[in-house]
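Right, one structure below, let's go through it.
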Amino acid sequence: MQDSSFRDSSLQEDSVSKAIALTVNGSPVSTTVDVRTLLVQLLRDQLALTGTHVGCDTSQCGACTVHVDGEAVKACAVLAVQADGGEVLTIEGLARGGALHPMQDAFREHHGLQCGFCTPGMILAGMDMVRRHGHELDERTVRTELEGNICRCTGYHNIVRAIIAGARAMAAGPAVAAAE
Amino acid sequence: MFAFAYHRPRSLADAVGLLGAHEEAKPLAGGQTLIATLKQRLAAPGDLVDLAAVPELRAIALEDGRLVVGAMARHADVAASPLVRASLPALAALAGLIGDPAVRNRGTLGGSLANNDPSADYPAACLALAATIVTNRREIAAADFFTGLFETVLEPDEIVVRVMFPLGGEGAYAKFPNPASRYAMAGVFVWRGAGGSGEELVRVAVTGAGQGGVFRWAEAEAALAADFSAAALEPLGLPAEDMIEDIHGSGAYRAHLAGVMARRAVTRMAGAG
Ligand SMILES: Cc1cc2nc3c(=O)[nH]c(=O)nc-3n(C[C@H](O)[C@H](O)[C@H](O)COP(=O)(O)OP(=O)(O)OC[C@H]3O[C@@H](n4cnc5c(N)ncnc54)[C@H](O)[C@@H]3O)c2cc1C
Ligand code: FES
Ligand code: FES
């Protein structure tokens, strides 16, 4: 299993802990964190939700994109304590039973991934586009909106196709209401 | 990160109190700059005072002929606000160009101004629009607020509460973003309107380029006051030795780019008018 690159075990003796309670993928989570813990570290290291990836040290790649209270954020640029009381949605929270979320299914259908490292962030960013721009997305909008999500494999063409198709499918699919 | 204590006060008075009570305390807005700074250990605040739960900091309203934007209004809020889009469309457009959607969902006006990154967008809007920055203690004209690279006149326990933008006139912002970070390689905000006694006034603010951070470009303002056209800017040049020189571009490149952005902003306005 991969380790987050931000783990920082020095200066433990000074650390301040705080109890937090939040909802992650619909389930309540109560835990105590060092206040320095990033949201992505809480998800990956404490909750073992390793579908949220860490691809950079500068908050530029978007591999760690999750939703907090329905909005896309970079989980490497949010402290876990800032999400206290909030609702977090990660890639693990999208499928219902055996059925993929329409945006996930569109990525499979349109081959919107190669290695898959950027994919969880791409899918959650795509869903955030639907929240703000509706279900009919044009190519230009999607390409502009992807400025904060980097893919090193695909060349983006199929990611753009997948998001446009996924956005349409979300209008029809019942999974939308369940997931959002 | 160095260790710190975390506070989430529920009122402005409590936030100010916490900042005053702790020697090395810092406000936390969206964390879109501060958390990266903490990760790199470039800052070591003993206490973080999270402003997210202070209700009065988020509002966007029209008051006395001015647009008033709360310090905790996020870039996404400003970009999407019908009030901002109707009253100061150039400001809404600028907010929509900051970073990327996830950054805009967290980053704030107050955090951007307090940080005064030499490549940040909002400082250019504040200078060109002659905004007033309101803190818990005083009102500060934008012209007096920014004092250098990552420097402002803010005191350690002073919080930006809201920013007042005068309405009237017409403005446009043209930005050339760094393709990786989205920060401005050069960004120019041009405003044209009436001054105090009704005379025609032009303000040109440049960000991303100057070694001292955001600045007013006096020669461009004078040229545009005489002839408001992109052609009037053609003969002008910024001194390359005063511009930022880094791996992304030389001083000469940035000086040229600032000129191009200024002409684009003017063309957009002249075209629209
Ligand atoms: C990938 C990426 C791309 C970006 N691209 C751009 C861009 O293109 N253009 C641009 O302008 N910016 C850009 N930014 C920065 C972004 O706009 C941030 O929102 C901004 O720098 C401030 O962040 P924040 O509001 O989250 O404040 P924080 O990071 O929480 O705080 C920043 C500083 O301001 C202080 N502070 C915060 N609020 C207040 C207040 N109300 N009163 C007094 N002090 C306060 C804090 O103590 C801290 O020192 C980018 C950031 C990232 C991560
Ligand atoms: S890991 Fe968060 S943006 Fe790269
Ligand atoms: S599929 Fe490999 S990084 Fe996008």
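Convention: sequence-line order gives letters A, B, ...; per-chain numbering from 1.
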What part of [X] gets closer than 4.5 Å to chain A, counting heavy atoms only: side chain, backbone, both or neither?
X        : answer
Leu48(B) : side chain
Leu28(B) : side chain
Asp50(B) : side chain

### Message
With rounding to the nearest 0.5 angstrom, report the NZ to CZ distance, Lys175(B) to Phe189(B).
### Response
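That separation rounds to 13.0 Å.
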Interchain contact, [X] with chain B, by part (heavy-atom threshold 4.5 Å):
X         : result
Glu147(A) : both
Lys74(A)  : both
Asn149(A) : neither
Leu124(A) : neither

### Task
Please say which of Thr31(A), Val29(A), Thr32(A) ends up in a side chain to side chain contact (heavy atoms under 4.5 Å, CB included) with Ile20(A).
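Exactly one candidate clears the test, Thr31(A).
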### Task
Give me the one residue out of Val266(B), Thr267(B), Val260(B) that meets side chain to side chain contact (heavy atoms under 4.5 Å, CB included) with Arg264(B).
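Of Val266(B), Thr267(B), Val260(B), side chain to side chain contact (heavy atoms under 4.5 Å, CB included) with Arg264(B) is met by Val260(B) alone.
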### Query
Taking side chain as C-beta onward, heavy atoms only, is Val68(A) less than 4.5 Å from Leu22(A)?
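No - every pair of side-chain heavy atoms lies 4.5 Å or more apart.
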### Query
Are the side chains of His248(B) and Tyr183(B) in touch, meaning some heavy atoms are under 4.5 Å apart?
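A side-chain contact is absent here, since even the closest heavy-atom pair is not under 4.5 Å.
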### Task
May I ask you to check whether over 12 heavy atoms, not counting those of His157(A), lie within 6.0 Å of atom NE2?
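No, the 6.0 Å shell around NE2 holds no more than 12 heavy atoms from other groups.
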### Query
Which residue out of Thr144(A), Val73(A), Ile150(A), Leu146(A) racks up the most heavy-atom pairs below 4.5 Å with chain B?
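That would be Val73(A).
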